[in-house]
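So the structure is just underneath, and the comments pick up after that.
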2 protein chains.
Amino acid sequence: MPDKKDRFKMLLKEKGLKVTTQRVDILEALELRPDKHLTAEEIYEIVREKNPDIGLATVYRTIQLLAELNLIDKLNLGDGFVRYEIGNMDEEKKAHHHHHLICLGCGNVLTFQGDLLDTLENQIQKTMGFEVVDHEVKMYGYCKDCAAERKKE
Amino acid sequence: MPDKKDRFKMLLKEKGLKVTTQRVDILEALELRPDKHLTAEEIYEIVREKNPDIGLATVYRTIQLLAELNLIDKLNLGDGFVRYEIGNMDEEKKAHHHHHLICLGCGNVLTFQGDLLDTLENQIQKTMGFEVVDHEVKMYGYCKDCAAERKKE
DNA sequence: GTCAATGCAAAATCTTTGCATTTTT
DNA sequence: AAAAATGCAAAGATTTTGCATTGAC
């Protein structure tokens with residue numbers, strides 16, 4: 001499988017866009033942290049360690065580009081920040097974003113893969129004629145540790 | 001059942017807060033449009049028709065208050081705007097937010113009630129020990145009309 | 001060399017805050 | 001009369017944009 005970086009470079013060339021250090025650095029920053037959910041500012045800080053001259057505007061522009069190319073997903077975990085993460089979909093396959101479990105105790109965000117939503121999607125299709133293409137699920141609650149902590153008290 | 005407005009007034013009094021025209025007007029604006037998903041600015045414009053002197057800051061402050069009291073839900077439908085809607089939960093009952101179906105064709109947002117997620121929640125509980133308290137589901141796709149339109153072409 | 005991308009600073013959005021004044025209780 | 005809420009304008013925060021310069025092809 002070609003890694004995301006190669007895929008990105010390919011897509012750029014296909015579109016007549018240029019493969020710049022900044023663009024590659026930004027994708028790399030995200031790629032190295034697959035389960036982090038980074039804000040634009042955080043990405044900026046990370047890339048700055050390697051390339052101190054990069055501008056925040058470039059980060060925003062590249063993020064937008066990556067989202068359009070479906071290489072990253074835009075997230076809203078309810079804390080008021082817009083976050084991004086590397087997409088985990090297999091190329092042509094229907095983009096099935098994973099689900100997020102947000103712990104109300106420690107604030108950690110876990111991810112969860114599962115296609116149990118297919119049943120739900122089918123029901124929606126039948127009853128409402130709505131054709132589902134993609135979905136996003138957030139569950140709020142308490143992670144194992146925090147749940148245990150709460151029971152003790 | 002006491003309507004939302006009375007409930008709001010009660011809660012305000014319980015907390016030693018004051019029942020002002022502005023607060024009631026804002027709740028009313030939301031209550032009269034149960035399935036709209038309004039932005040702060042839109043709420044401001046609506047209330048301004050009745051009470052032209054209201055300030056945007058008051059709208060923001062009241063929205064925050066209503067959200068804290070669980071009378072309204074904060075939504076993020078992926079269009080970059082923060083939106084609000086009247087909650088539909090029955091008092092003490094577990095808050096079960098309804099799901100949103102977002103049409104990629106016409107942009108309309110439909111709502112969908114269903115507890116098919118219970119299965120998913122149970123599975124998460126078993127496999128990961130994560131205790132789910134609340135959830136939020138967004139489905140992206142094409143509504144009946146837009147799906148038909150797309151098949152024709 | 002050409003055209004796109006970058007960095008910077010300024011502008012545009014959206015939301016919050018401080019404070020004098022008004023309103024509720 | 002006391003305390004809280006309001007409106008306004010200013011300040012914050014986040015994201016976008018214009019433009020001269022730089023870099024990829």
Side-chain angles (χ1 to χ4, degrees), chain A residues 5-6 8-29 37-69 71-72 74-84, chain B residues 5-6 8-29 37-69 71-72 74-84:
Chain A
K5 226 185 300 178
D6 292 336
F8 184 30
K9 289 180 188 170
M10 266 175 44
L11 286 167
L12 287 174
K13 282 177 187 158
E14 269 175 32
K15 296 210 162 201
L17 301 175
K18 290 172 181 170
V19 178
T20 65
T21 338
Q22 289 90 332
R23 284 178 176 165
V24 175
D25 285 352
I26 289 168
L27 180 64
E28 210 165 47
H37 311 89
L38 304 170
T39 63
E41 195 71 37
E42 284 166 353
I43 296 168
Y44 175 55
E45 289 305 333
I46 290 169
V47 176
R48 222 138 73 108
E49 284 169 23
K50 197 189 158 205
N51 179 354
D53 288 336
I54 196 170
L56 183 53
T58 301
V59 174
Y60 275 104
R61 282 185 285 231
T62 303
I63 283 170
Q64 251 179 322
L65 181 59
L66 287 166
E68 276 162 28
L69 296 175
L71 291 169
I72 63 174
K74 194 174 177 176
L75 299 178
N76 227 296
L77 300 178
D79 61 354
F81 294 92
V82 178
R83 296 174 177 281
Y84 300 87
Chain B
K5 224 185 302 179
D6 290 337
F8 184 31
K9 288 181 188 170
M10 267 175 44
L11 286 167
L12 287 174
K13 282 178 187 158
E14 269 174 33
K15 297 212 161 198
L17 302 175
K18 291 171 179 170
V19 178
T20 64
T21 339
Q22 290 89 333
R23 284 178 176 166
V24 175
D25 285 352
I26 289 167
L27 179 64
E28 209 165 48
H37 311 90
L38 304 171
T39 63
E41 194 73 37
E42 285 166 353
I43 296 169
Y44 176 56
E45 289 305 332
I46 291 168
V47 176
R48 222 139 72 107
E49 286 169 23
K50 197 189 158 204
N51 179 352
D53 288 337
I54 197 171
L56 184 52
T58 301
V59 173
Y60 275 104
R61 283 186 284 233
T62 304
I63 282 171
Q64 251 179 321
L65 180 61
L66 287 165
E68 275 161 29
L69 296 175
L71 291 169
I72 62 173
K74 194 174 177 175
L75 299 179
N76 226 295
L77 300 179
D79 61 355
F81 295 91
V82 178
R83 297 174 175 280
Y84 300 88

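Model, not experiment: these values are computed from the prediction. Keep in mind that the numbers below use all heavy atoms, side chains included, and drop hydrogens, waters and symmetry copies. In the text below, chain A, chain B and the rest are named by the order of the sequence lines, each starting its count at 1.
- Side-chain contact check for B/Lys74 versus B/Tyr84: some heavy-atom pair is nearer than 4.5 Å.
- Expressed to the nearest 0.5 Å, how far CZ of A/Arg83 lies from CG of A/Asn76 amounts to 9.5 Å.
- Listed by residue number, the members of residues 47-55 of chain B with any heavy atom below 4.0 angstrom from DNA chain C form an empty set.
- The stretch residues 57-68 of chain A touches DNA chain C through A/Ala57, A/Thr58, A/Arg61, each having a heavy atom under 4.0 angstrom from the strand.
- Rounding to the nearest 0.5 Å gives a distance of 6.0 Å between CD1 of B/Ile43 and CD1 of B/Ile72.
- Remark: A/Leu77 CG to A/Thr39 OG1 distance equals 11.5 Å, nearest 0.5 Å.
- Atom pair B/Leu56:CG and C/dT13:P shows a separation of 14 Å (rounding to whole Å applied).
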Identify every side-chain donor-acceptor pair in residues 45-56 of chain A under 3.5 Å, counting partners at least two apart or on other chains, and give the distances.
{"unit_1": "A/Arg48", "atom_1": "NH1", "unit_2": "A/Tyr44", "atom_2": "OH", "d": "3.4"}
{"unit_1": "A/Lys50", "atom_1": "NZ", "unit_2": "A/Asp25", "atom_2": "OD1", "d": "2.7"}
{"unit_1": "A/Asn51", "atom_1": "OD1", "unit_2": "A/Asp53", "atom_2": "N", "d": "3.4"}

Where along nucleotides 20-25 of chain D does protein come under 4.0 Å, by heavy atom, of base (B) or sugar-phosphate alone (S), with - for untouched nucleotides? ---BBS
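- Looking at every heavy atom in both residues, B/Ile26 comes nearest to B/Thr58 through CD1-O, 4.1 Å.
- In the helix from C/dG1-D/dC25 to C/dT25-D/dA1, the rotation axis of the first five pairs and that of the last five pairs differ in direction by 30°, rounded to 10 degrees.
- Put simply, CG on A/Asn76 is 14 Å from C1' on C/dC14, counting in whole angstrom units.
- Counting only residues at least two apart or on different chains, no side chain to side chain donor-acceptor pair (under 3.5 Å) pair has a member in residues 12-22 of chain B.
- Within 4.0 Å of B/Glu41, counting heavy atoms only, lies no atom of the nucleic acid at all.
- For the pair A/Asp25 CG and C/dT6 C1', the computed distance is 13 Å after rounding to whole Å.
- How far OG1 of A/Thr62 is from CG of A/Leu69: 10.5 Å, rounded to the nearest 0.5 Å.
- If you measure from atom CG of B/Leu27 to atom C1' of D/dA5, you get 17 Å, rounded to the nearest angstrom.
- Between the CG atom in B/Leu38 and the CD1 atom in B/Ile63 there is a gap of 9.0 Å [rounded to 0.5 Å].
- The line from CZ of A/Phe81 to CD of A/Glu41 is 9.5 Å long, rounded to the nearest 0.5 Å.
- As rounded to whole Å, 14 Å separates atom P of D/dT15 from atom OH of A/Tyr44.
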